[in-house]
Number of protein chains: 2
Amino acid sequence: MTKQVNFEKIAHQPAYRVVSEKIRNAIVSGEIKTGELLPTETKLAEQFGVTRSTVREAIRLLEHGGILGRADRKRLVATLPPTETVGRSVSSALLMHQVTYEELWQVAMGLEPLASKLACTAATRKDKLLLAANLVHTREIMDDHDALLDAEIEFHNLLAEATHNSALLLARAPLNELFYPAAWGAVIRALSPGERILVAHQHIYGAICENNPDKAEEWMKKHMLDFRRGIEMGNLGFDQPVKG
Amino acid sequence: MTKQVNFEKIAHQPAYRVVSEKIRNAIVSGEIKTGELLPTETKLAEQFGVTRSTVREAIRLLEHGGILGRADRKRLVATLPPTETVGRSVSSALLMHQVTYEELWQVAMGLEPLASKLACTAATRKDKLLLAANLVHTREIMDDHDALLDAEIEFHNLLAEATHNSALLLARAPLNELFYPAAWGAVIRALSPGERILVAHQHIYGAICENNPDKAEEWMKKHMLDFRRGIEMGNLGFDQPVKG
DNA sequence: AATTGACATATTGTCGGACAATGAGTCAAT
DNA sequence: ATTGACTCATTGTCCGACAATATGTCAATT
């Protein structure tokens, strides 16, 4: 084992990555404001001193992350990655990693009651109105299971938005996209009419209006336990991977 | 307002998106196993009946999401997106959305005690050994604030891994990458010696070994409250955006 | 046997130019 | 106010080319 000189490995990033990073920086640093249109591909190519093909590859790199979007299907526009985009990638990663109902339920049990509690102090008048509207709508479509799922998801999402906490919103994205849709079939069969669901939602809404965090948290926990019971009673095992 | 026929808007995705989706499906469906090499760009181009440029754009689309990686800087290989990659994109999204210390703390307050509780029943012998090793190491580097931060993050991460819940692991990624590093400066000044931190960690570890979920949860809550106090006492405001 | 050198080959990164399709704007005709 | 014809800008896609670099083979050297 003779002593050897160690050179640090040289970087040499491909040009499309460099260009991609430059554009990214320009956006996150605010040099290009969100919503603003970017120069056209040809102009970018000129400015960076590369070919249009290279610029296009750089753009694709950012496009998927949601940093770049299309204004009207033509021009590109700088956009802050909408939580949706990031949320979707989280969900798809979880799917690929064979996340189970139980894992998602545990996270739900941690986040949803928290959201309820926080919403009590953070909810604005507008948030409450939206929740109220959701309840009315839910009562109307009580028999349509598909529509009821949408309403259920919307309720929990409105609740999360009422906390005005973007970190929480993002952390619970997989619940919207994976947990509720996947668990729904079993849950709705177990809690035969959607009555129990609506009652829980109403109590949570009531607690928020009364500014009663503890009550909101408690009812959400009950609601989540109902979900657990539904999944366990359904034919889908609690420790089975969620199927997208 | 005359009645009008409504046609559903026609899709027409650009080819590079179609190709991208095809490849993505081939990977997530397991048709191409992870770690396996993909055909070369030229062959893909032939198979899909498009040009190499188009294939390359499709590849860039996937490359950013971590579904495709480089084997050796030449050939492409299929890889499951490592949780790291996804976690980073979540964190950077939160940064851009000017997430505040308070928002992150609230999420931490929801997830970390949950992790402690779950770890009590899910932790394997190996998990406990890793935690114990972390405690020993922490005691040794008590005076090196930077090293202490790393140990702190590692402790919480080991704890989360001990739950064997990938959804939880992903949901709390921003805590590792944003919350703890950003809050650390203030916290370490407020809780002058790291003594209080170590004590909390030890009690949590003890609770896990005794299989005492309630105790684990309680001590983690105390630990989190210490963080809150630290941030509030520090010069950085609790409602200020976290700076990356 | 192990290293080295020379060489052909395969694959990616980058370039340049070309054309079709489509969206946006202008202006005249109805 | 709507329609039609026209131009122009921009993106999507194609083609062909070349340089740089990894890979593989084989002989020559030590």
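Order of the sequence lines fixes the chain letters, A, B, ..., with proteins taken first and strands second; residue numbering starts at 1 for each chain. Everything quoted here is computed from the prediction, not taken from an experiment.
- Note: CZ (A/R56) to C1' (D/dT10) measures 10 Å, nearest angstrom.
- Separating the CD atom of A/E63 from the C1' atom of D/dT11 is a distance of 11 Å, rounded to the nearest angstrom.
- If you take NZ of B/K43 and P of C/dT9, they are 16 Å apart, rounded to a whole angstrom.
- Set against D/dC14, C/dT12, C/dT14, the side chain of B/T40 has C/dT12 as its closest nucleotide.
- B/E31 CD: 12 or fewer foreign heavy atoms inside a 6.0 Å radius.
- Here B/T51 lies in heavy-atom contact (under 4.0 Å) with a base.
- Sorted by first then second residue, the salt bridge (charged side-chain N to carboxylate O under 4.0 Å, His left out) pairs that include residues 166-177 of chain A, not counting sequence neighbours, are A/E112-A/R172.
- For residues 37-47 of chain B, the set of pairs meeting the side chain to side chain donor-acceptor pair (under 3.5 Å) definition, not counting sequence neighbours, comprises B/E41-B/R52, B/E41-B/R56.
- Counting to the nearest Å, the P atom of C/dC15 and the CD atom of B/E41 are 15 Å from each other.
- Atom-to-atom, CZ of B/R17 to P of D/dT13 comes out at 10 Å; the value is rounded to the nearest Å.
- Distance, A/L38 CG to D/dT11 C1': 14 Å, rounded to whole Å.
- If you measure from atom CG of A/L37 to atom C1' of D/dT11, you get 13 Å, rounded to the nearest angstrom.
- When the nucleotides D/dG12, C/dT14, C/dC15 are ranked by their closest atom to the side chain of A/R60, D/dG12 comes out on top.
- Defined by atom type and a distance below 3.5 Å, a donor-acceptor pair is missing between the side-chain atoms of B/E63 and A/H64.
- Contact between the side-chain N/O atoms of A/Y16 and the OP1/OP2 oxygens of C/dT14 is not found at any separation under 4.0 Å.
- Side chain A/R52 to base D/dT11: no donor-acceptor pair is found below 3.5 Å.
- The bend of the helix from C/dA1-D/dT30 to C/dT30-D/dA1, defined by the angle between the axes of its first five and last five pairs, stands at 30° to the nearest 10°.
- Side chain of A/S53, nearest nucleotide from C/dG16, C/dT14, D/dG12: C/dG16.
- The aromatic rings of B/F227 and B/F179 sit tilted, their planes meeting at an angle between 30° and 60°.
- At most 12 heavy atoms of other shown residues, nucleotides or ligands fall within 6.0 angstrom of atom CD in B/E84.
- In terms of phosphate contacts, A/T54 brings no side-chain nitrogen or oxygen within less than 4.0 Å of OP1 or OP2 of C/dG13.
- B/R60 CZ to A/R17 CZ: the interatomic distance, rounded to the nearest 0.5 Å, is 8.0 Å.
- The distance from atom CG of A/L44 to atom P of D/dG12 is 13 Å, rounded to the nearest whole Å.
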